[in-house]
Amino acid sequence: MEYFVKGMGCAGCARTIEKKLNELPEVIEATVDFSSKKASVKTHNNVSLDTLQQALAGTHYSLSLTADAPTTSTTATKSTHKPPQGTVFYCPMHCEGDKTYDHPGNCPVCGMDLVPQASLAHQEGHEDKQRRSLQQKLLIAIICTLPIFIISMVGMSHESPLYAIMPPAYWDWVQAVLSLPVVFYSGAMFFGRAWKSLKTKNFNMFTLIGIGAGVAWGLSILALCFPQFFPEQFKEHGRVHLYFEAATVILTLVLLGQLLEANAHSRTQQAIKLLLKLTPNKATKVIGNNETEVAIDEVLIGDLLRVKPGEKIPVDGIITQGNATIDESMLTGEPIAVEKKEGDSVSAGTLNGNQSFVMQAKKVGSETLLAQIITMVQQASQSRAPLQKLADRISAYFVPIVIGISLLTFVLWAIFATENNYTYALLNAIAVLIIACPCALGLATPMSVMVGVGKGAQNGILIKEAEAIEEFNKIDTLVVDKTGTLTEGKPIVSEVISFNNTAESELLPILYALNQHSEHPLAKATNAYCQSKGITPLPFTNFKAITGQGVSAVIQQDNYYFGNQKLLASAGISLTEAQQSTIAAQQEQGKTISLIANSHSLLGAVAITDPIKPSAITALQELQNLGVEVIMLTGDNPLTAKAVAQTMQLAHYKAEMLPHDKRNEIVRLQAEGKKVAMAGDGINDAPALAQANVGIAMGTGTDVAIESAQITLVKGDLSGILKAKKLSKAVVKNIRENLFFALIYNTVGIPVAAGVLYPFFGILLSPMLGALAMSFSSVSVISNALRLRRLKL
């Protein structure tokens, strides 16, 4: 059962909720996804929502069955949750526009849960509203923080040119006024989260941000209004140093990270919406001798449906009348259309060729294969664990240590100081909290990620989620699709084989004549080949297209045929053993063979193949040398799969894999403890791309694949995967170095701020020195991150 989670602000919150829910004896497993704000709970028996809520007692988190519904008592099953009388339900994806339902259930188009009207309105606008709010808050924070930063940096010297315009005290008040919108509007939510984390003792990055920024701002206001409270040791040129810059910069940086995270989350829903566009909203129902256009949700199992040329198939079923050529590339990834006859199955969302046929509906609504693909993409996206950020893990230990040192500082100064003991105690305790303000710690990860993302973009690697950079460094298994990923995804003629001493120059005008008006992928390949040779087609008559076999026509008063062996057999043309051996040898190489003959004998054969990308072999070999296991999964036939695997020197491959097969294989690998990356380009790869630890889409592929993946290779060049691996390793190393720079500053600064040197040397931490140390720490982090720009991929 899935629940919406309220009050969750970071990955640390998700871990806390998971821990508390899993402590319940009735719960088998509870997982919380921070990005979707949902909790998935598996239980032994029906467990009431009240019971789950009790597990979260004492926290600010709550669960509900809908995004905006109040948390009322109900059981944890859909069957027992009864909405108020008269509730109107919608599909959250608007599959059928604004159509409403008077009962709960599943959308007949996409299979997703129908949601109440109020919940839908909340869900639809919530993410956009949240992003707009974050954008507005960030803009205001930047506008206010930038002048504060300039004033603080330029005004650090007493001879600053700013002081020729106004006295220093005036500039201090300018900083204070500019800081108000940042603290009380843009960054207010972080202080709320910090307070809640302190109450629940679940410390995270927001705790550190709230304490550091809050104390820095509060002390600055105190120093501005009551400078006489501060002893001379805390002053520079008669003025107490202010920390408005430290407070506003960290709040602005964290806001930027929140906005990037919100943008990344929206891509999951975009991928699902693109998938939904594949399903038609209407179908043509056959009733007796009449045909009626109906809405897709009115189609029932057993109904007869007419599918016209060029239409998408509305539901899963079987052909009962006629033949067809179906483009199933969205399911298999293979560009060559499949010939279908009476009794063959067809799937929703696939594209009919140029023939009309009648089908019987076998699966509708959420039972169709396309609906299952949509569900798999959604579930895989929600189940992916959020990145366990190192900064968050550090904060969980760092926060209580800093607070403990601050309290100890206050107590020791209050007891042992000889004069102004409480003043020194308070100021030094606050100094400890200020010196711990995580400016450099907050910069450590986003700076490295920002530079790394830019470096990737320069090399044709578009990284949509920062999480993918760290995850890719852990990857030990790469799953690759064949068509469009290892290969170009465009059939071409690799060879024209002549029999009976017939020259290629004699065959090509006949070939062009037979195929010039066909839209079949194989015909397009032969036409392109003929055009590249400058061939002119011969005139023909009596053209016939035989479904599942090929074409025939009369050329120069003789019957000519182009197609498979069934076509030639029906025309009474047999093949010699030598000819069959030649054709079999080509097929063993994974090539598709079409035959051309006249009324007497076989004249030749056309070998059509999907060429392997030039960079693919080298890139995969280098990845395997780095210890990455490479596995090919393809929807193509075993013969072609074997031929490509041998060419690519891949030991592991599987053929005839449908979308759910690819996803299940990745789930199996992950269950073995492997970190899996998936590279693909088609709609059929979307569930696997979403399930993988890191999804890699070819920029030459479909929009659905690109939206489902976290990394896109602009040119579809597999060498980009190798570059991404090197980039990931360098960025993760750089982040760790930055965290070291940030923590070494705190490690040295906190004891000095606490006054450990005072008994021996009479030294207290000068506010100016503290500001310089903080600036130096940030500069070190930024300079180290910028080194990534010189990285050679």
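Remember, it's a predicted structure, so these values are computed and weren't measured experimentally. Hydrogens, waters and symmetry mates play no part in the numbers below; they use all other heavy atoms, side chains included.
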How long is the gap from CD1 on I17 to CG on L63, to the nearest 0.5 Å? 7.0 Å
Spacing of CD1 belonging to I405 relative to CG belonging to L412, to within rounding of 0.5 Å: 11.5 Å
Close side-chain approach of L134 and M189, heavy atoms under 4.5 Å: yes
Using every non-hydrogen atom in the two residues, find where S186 and K137 come nearest and quote the distance to one decimal. OG-O, 2.8 Å
Pair T252, T145: side-chain N/O donor-acceptor within cut-off below 3.5 Å: yes
Say you draw a straight line from OG1 of T248 to CG of L255; how long is it, rounded to the nearest 0.5 Å? 11.5 Å
Which pair of non-hydrogen atoms, one from I148 and one from S179, has the smallest distance, and what is that distance? CD1-N, 3.6 Å
Quick one: do K723 and K455 satisfy side chain to side chain contact (heavy atoms under 4.5 Å, CB included)? Show the steps, please. CA-CA 10 Å; K723 292 178 180 179; K455 184 68 177 179; over 6 Å; no
When every non-hydrogen atom of S728 is compared with those of N473, the smallest separation belongs to OG-N, 2.7 Å
Value for CG (L56) from OH (Y61), rounded to nearest 0.5 Å, stands at 9.0 Å
As an exercise, state the distance from CG of L198 to CZ of R193, rounded to the nearest 0.5 Å. 14.5 Å
Any donor-acceptor N/O pair, E471 side chain to V694 backbone, under 3.5 Å: no
Can a donor-acceptor pair be found between the side chains of Y185 and Q136 at a distance below 3.5 Å? yes
Would you name the heavy atoms of V731 and G452 that are closest together and state the gap between them? CG2-CA, 3.9 Å
Check for a donor-acceptor pair, side chain of K474 on one end and backbone N or O of N693 on the other, with a separation under 3.5 Å. no
Specify the closest pair of heavy atoms between E18 and A30, including all atoms of both residues, with the distance to one decimal. CG-O, 3.8 Å
Do F191 and W217 have their ring centres less than 6.0 Å from each other? no
Would E23 and K20 count as a salt bridge (charged side-chain N to carboxylate O under 4.0 Å, His left out) if you check the C-alpha gap in whole Å, the side-chain angles of each, and the deciding distance to 0.1 Å? CA-CA 5 Å; E23 288 174 353; K20 289 188 175 293; 5.4 Å; no
Option passing side chain to side chain contact (heavy atoms under 4.5 Å, CB included) with V453 (candidates L788, I461, I463, L727): I463
Which one of L24, T31, V27, N22 satisfies the side chain to side chain contact (heavy atoms under 4.5 Å, CB included) criterion with V41? V27
In sequence, state the C-alpha distance, the side-chain angles, and the governing distance for V182 and I140, and then conclude on side chain to side chain contact (heavy atoms under 4.5 Å, CB included). CA-CA 7 Å; V182 182; I140 291 173; 5.8 Å; no
If I compare all heavy atoms of A730 with all of L791, which pair ends up nearest, and what's the gap? CB-CD2, 3.6 Å
Going by heavy atoms in the side chains, are Q175 and F149 under 4.5 Å from each other? no
Is the backbone N or O of A754 less than 3.5 Å from a side-chain atom of W413, with the two atoms forming a donor-acceptor pair by type? yes
What distance separates N784 CG from I735 CD1, expressed to the nearest 0.5 Å? 10.5 Å
L407 vs V411 side-chain heavy atoms within contact, under 4.5 Å: no
Under 3.5 Å, side chain of D172 to main-chain N/O of L242, donor-acceptor pair present? no
